[in-house]
Structure formats: C-alpha cells, structure tokens
K.L.:
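Handing you this structure, nothing more for now.
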Amino acid sequence: MKMKTRRRWFLLFCLLPGLLLLTLFKLYPTIEVFQKSFYLWTGIGDEPKWVGLQNFIDLFHDDVFLLSLRNTGFLMLIVPVLTLFIALINASILTRSKLKERGLYRTLFFFPSILSFVVIAILWSFIYHPTIGFLNSGLDVIGLGSLALPWLGDERTVLWALAITMIWQAVGYYMVMYMAGIDSISPDLYEASGIDGATAIQQFIHITIPMLWEIIRITIIFSINGVLTISFIIVSIMTGGGPNRHSEVIMTYLYSQAFSNSNFGYAMAIGVFVFVVSFVLAMLSNRLTRREAS
C-alpha cells in the first residue's frame with residue numbers, strides 16, 4: 001500500500017510542472033479571454049467597463065468582420081480541398097509508379113513544408129509582384145502578357161493568390177502522410193484488381209481512397225485548423241488585409257482590433273467566436289467519426 005502511495009505521489013510530482021505550465025499559459029489566458037470579452041477595455045490602464053453581450057452583437061453588425069469571416073470561410077474550404085486532393089494524387093503516383101526519380105520528387109514536394117511561413121510569404125510576394133514578379137514575367141515571355149495582373153492588389157484574385165501560396169506550402173506535408181498510408185496497403189489488392197481488369201483510376205477510387213479514409217479524415221481536420229493559423233502569417237506579410245480589406249481574415253482582424261485600435265474587449269469577443277466555431281467543428285467531426293465507426 002505504501003508503495004502504491006509513493007508511486008502516486010511520484011507521478012503527481014512529475015506531472016506537476018506540466019500542469020502548472022498548462023494552467024499558467026493555456027487555461028488562465030483562456031478564462032481571461034472569455035471574461036474580458038464582456039467588457040469594453042482598451043488594455044491601457046483604463047478600468048474595463050461591463051457591456052455584457054454588446055461586443056458579440058456588434059460583431060454581426062461589423063461589415064469588416066463579416067467580410068473577414070467570409071474570406072476565412074473561403075480559405076477554409078478551398079485550401080483543404082485542393083491541398084489534400086493534390087497531396088493524395090502525388091502520393092499515389094510517387095508510391096505506385098516506377099519513376100526512377102521518386103526520391104527527388106518526394107524531396108522537392110516536401111521542401112516547402114520545412115520552410116518558415118515568413119520565408120514562404122516573402123517568396124510568393126516576389127512571385128506575384130506586378131512588375132518584377134516571376135508570374136507576370138513568365139506570362140509575358142510566353143506571349144500571354146495580356147493576362148498579367150496585380151495578383152495581390154486585385155480584389156478578384158487576391159484570395160486565390162493567397163490560397164495557392166498556402167496550398168504550395170502544405171501539399172508536401174500531407175503527401176508524406178498519404179505515402180505512408182499507401183505503403184501499408186497490401187499489394188495483393190492492386191494485383192487482384194489488375195487481373196480483373198481494373199484501371200489505375202478505378203484502383204485509386206475503389207482501393208486507395210477507402211483504405212486511406214481514416215488518414216484522410218484526420219488530415220481534413222488538421223488542414224482546416226491549420227488555415228486559421230497560417231492565414232494570419234501569410235496575410236499579414238503579403239497583403240496586410242488589402243486591397244480594401246478583401247484579404248482580411250478573422251485572425252488579422254482580431255490582431256488589428258487589439259494592437260492597432262486598442263480595442264481589446266472587442267478583439268477577445270472575436271477570439272471567443274473563433275474558439276466556439278472551432279469547438280463546434282471538432283464536435284461535428286468527432287460525431288461523424290463515431291457514427292462511421294459504429
């Protein structure tokens with residue numbers, strides 16, 4: 001009995017530093033954000049003023065917030081879908097093909113995933129530059145100069161330009177995950193289907209995708225959550241929310257409200273909104289997972 005008690009105290013002693021750090025840097029700030037979201041607070045010496053739900057009501061009368069919400073929703077839909085589709089196609093080709101340069105292609109595709117988001121944002125800012133950028137220069141060289149645009153300065157193209165940047169960064173990461181999953185699929189399944197006359201596309205649809213569905217489902221969640229984090233860095237560096245707020249996303253708007261406008265209470269209300277939406281998405285995903293498992 002004494003031995004069990006000592007083990008429990010030892011485990012508690014080992015866990016205590018981690019629990020203290022979690023409470024100090026995660027739990028306490030989260031509670032503080034929820035609390036301050038009900039106040040009008042500049043964050044600079046002034047006493048917070050209780051306003052109840054007014055901050056949350058103002059959100060849905062704020063045209064910039066609604067625009068940032070729409071832009072974020074666009075990126076959270078387009079980026080995961082295209083990223084995971086391209087990653088899955090690349091993984092299937094590189095795993096099941098007989099290319100001699102497979103190792104080289106794997107390295108090239110994965111390389112963007114190890115770069116800093118800041119470096120990626122700066123790199124693609126130069127690519128999209130309207131006068132010296134590689135994209136417009138390349139279009140001019142091949143005789144398509146009439147298609148050149150200020151990609152980051154045009155309201156019609158800015159979100160697509162940012163989406164392509166984020167897709168380029170993430171494809172290699174998810175490709176490696178899918179390659180590991182495909183390697184675990186028995187080759188006998190492909191051989192048997194090949195004998196029955198199945199084409200490569202049919203094998204991809206009826207064997208590869210069903211066998212990788214658990215991994216695909218997990219990567220969908222990772223990719224959607226990743227958009228919230230990555231979009232803040234990419235947008236902050238590449239466009240700053242322009243032109244005319246048409247690339248503003250929720251996290252950049254939250255940051256500007258807090259640190260540019262000193263409207264911390266309102267910014268925390270935005271943070272609570274993001275938290276609730278993320279929690280709901282996680283719960284829906286968990287429910288779908290349980291339903292499919294049963």
Side-chain angles (χ1 to χ4, degrees), residues 64 67-87 90 104-142 144-145 147-177 219 222-261 267 270-271 274:
V64 178
L67 180 60
S68 70
L69 182 61
R70 188 196 71 180
N71 294 339
T72 304
F74 174 86
L75 293 175
M76 290 179 70
L77 176 64
I78 296 299
V79 173
V81 169
L82 294 181
T83 298
L84 301 183
F85 176 75
I86 296 171
N90 289 346
L104 174 63
Y105 291 133
R106 291 181 185 183
T107 303
L108 290 176
F109 280 120
F110 186 71
F111 179 72
S113 299
I114 65 175
L115 293 177
S116 164
F117 295 139
V118 175
V119 172
I120 290 171
I122 294 173
L123 172 64
W124 279 88
S125 294
F126 279 110
I127 292 175
Y128 288 131
H129 195 281
T131 55
I132 61 173
F134 174 79
L135 182 54
N136 283 348
S137 299
L139 289 172
D140 189 55
V141 167
I142 62 177
L144 298 175
L147 298 178
L149 290 169
W151 303 97
L152 297 177
D154 192 317
E155 297 175 0
R156 299 167 299 172
T157 59
V158 62
L159 280 180
W160 284 102
L162 295 172
I164 290 171
T165 302
M166 296 167 68
I167 291 168
W168 181 80
Q169 183 277 330
V171 160
Y173 175 78
Y174 294 108
M175 183 192 73
V176 170
M177 297 179 67
T219 54
F222 284 172
S223 183
I224 292 174
N225 289 335
V227 169
L228 286 172
T229 303
I230 299 171
S231 62
F232 170 74
I233 302 173
I234 298 296
V235 170
S236 296
I237 295 175
M238 294 183 68
T239 66
N244 298 322
R245 303 280 193 171
H246 276 75
S247 66
E248 192 83 71
V249 292
I250 287 180
M251 299 308 293
T252 57
Y253 189 53
L254 184 157
Y255 183 88
S256 66
Q257 285 295 316
F259 299 103
S260 297
N261 299 340
I270 298 174
V274 173

K.L.:
Return the set of residues passing side-chain contact (heavy atoms from CB on, under 4.5 Å) with F126 (not counting sequence neighbours), or none when no residue passes.
P.N.:
I122
K.L.:
Let me confirm one number: the CG-CG distance from D140 to L135, rounded to the nearest 0.5 Å.
P.N.:
11.5 Å
K.L.:
Kindly write out the residues that satisfy side-chain contact (heavy atoms from CB on, under 4.5 Å) with I132, not counting sequence neighbours, or none if the list is empty.
P.N.:
H129
K.L.:
Which pair of heavy atoms, one from L67 and one from N244, lies closest together, and at what distance?
P.N.:
CD2-O, 4.3 Å
K.L.:
Please list, chain by chain and in numerical order, all residues satisfying side chain to side chain donor-acceptor pair (under 3.5 Å) with T219, sequence neighbours excluded.
P.N.:
Y178
K.L.:
Measure the CD1-CD1 distance between I167 and I78 for me, rounded to the nearest 0.5 Å.
P.N.:
8.0 Å
K.L.:
What is the distance from atom CG of L254 to atom CG of L228, rounded to the nearest 0.5 Å?
P.N.:
11.0 Å
K.L.:
I'd like to know if the side chain of T165 reaches the main chain of A161, judged simply by a donor and an acceptor atom lying under 3.5 Å from each other, with no hydrogens or angles considered.
P.N.:
yes
K.L.:
Can you pull out every side chain to side chain donor-acceptor pair (under 3.5 Å) where at least one residue sits in residues 223-237? Sequence neighbours excluded, please.
P.N.:
none
K.L.:
Between L152 and V158, what is the shortest heavy-atom contact and its length?
P.N.:
O-CG2, 3.7 Å
K.L.:
If a pair satisfies ring-ring contact (aromatic ring centres under 6.0 Å, His included) and one of its residues is in residues 240-260, list it, with sequence neighbours excluded.
P.N.:
F232-Y255, Y255-F259, F259-F264
K.L.:
Excluding sequence neighbours, so at least two apart, what forms salt bridge (charged side-chain N to carboxylate O under 4.0 Å, His left out) with R245?
P.N.:
E248
K.L.:
Which value, rounded to the nearest 0.5 Å, describes the distance between L69 atom CG and F74 atom CZ?
P.N.:
14.0 Å
K.L.:
Are the side chain of T157 and the backbone of W151 linked by a donor-acceptor contact shorter than 3.5 Å?
P.N.:
yes
K.L.:
With a 3.5 Å distance limit and no angle check, can you tell me whether N136 reaches the backbone of G145 through a side-chain donor-acceptor pair?
P.N.:
no
K.L.:
CG of L108 to CG of L104: how many Å apart, nearest 0.5 Å?
P.N.:
4.5 Å
K.L.:
Just jot down the side chain to side chain donor-acceptor pair (under 3.5 Å) partners of T83, sequence neighbours excluded, or say none.
P.N.:
none
K.L.:
Taking salt bridge (charged side-chain N to carboxylate O under 4.0 Å, His left out) as the definition, give me every residue that meets it alongside D154, ordered by chain and number, with sequence neighbours left out.
P.N.:
R156
K.L.:
Kindly write out the residues that satisfy side-chain contact (heavy atoms from CB on, under 4.5 Å) with I164, not counting sequence neighbours, or none if the list is empty.
P.N.:
W124, Y128
K.L.:
List the residues meeting side chain to side chain donor-acceptor pair (under 3.5 Å) with S260, not counting sequence neighbours, and say none if there are none.
P.N.:
none
K.L.:
So does L159 get a backbone contact from the side chain of S247, meaning a donor-acceptor N/O pair under 3.5 Å?
P.N.:
no
K.L.:
Mind listing the side-chain donor-acceptor pairs of residues 109-121 below 3.5 Å, one per line with the distance, residues two or more places apart or on another chain?
P.N.:
from : atom 1 : to   : atom 2 : distance (Å)
S113 : OG     : Q169 : O      : 3.1
S113 : OG     : Y173 : N      : 3.0
S116 : OG     : V118 : N      : 3.2

K.L.:
For N90, which residues count as a side chain to side chain donor-acceptor pair (under 3.5 Å) partner, sequence neighbours excluded?
P.N.:
none
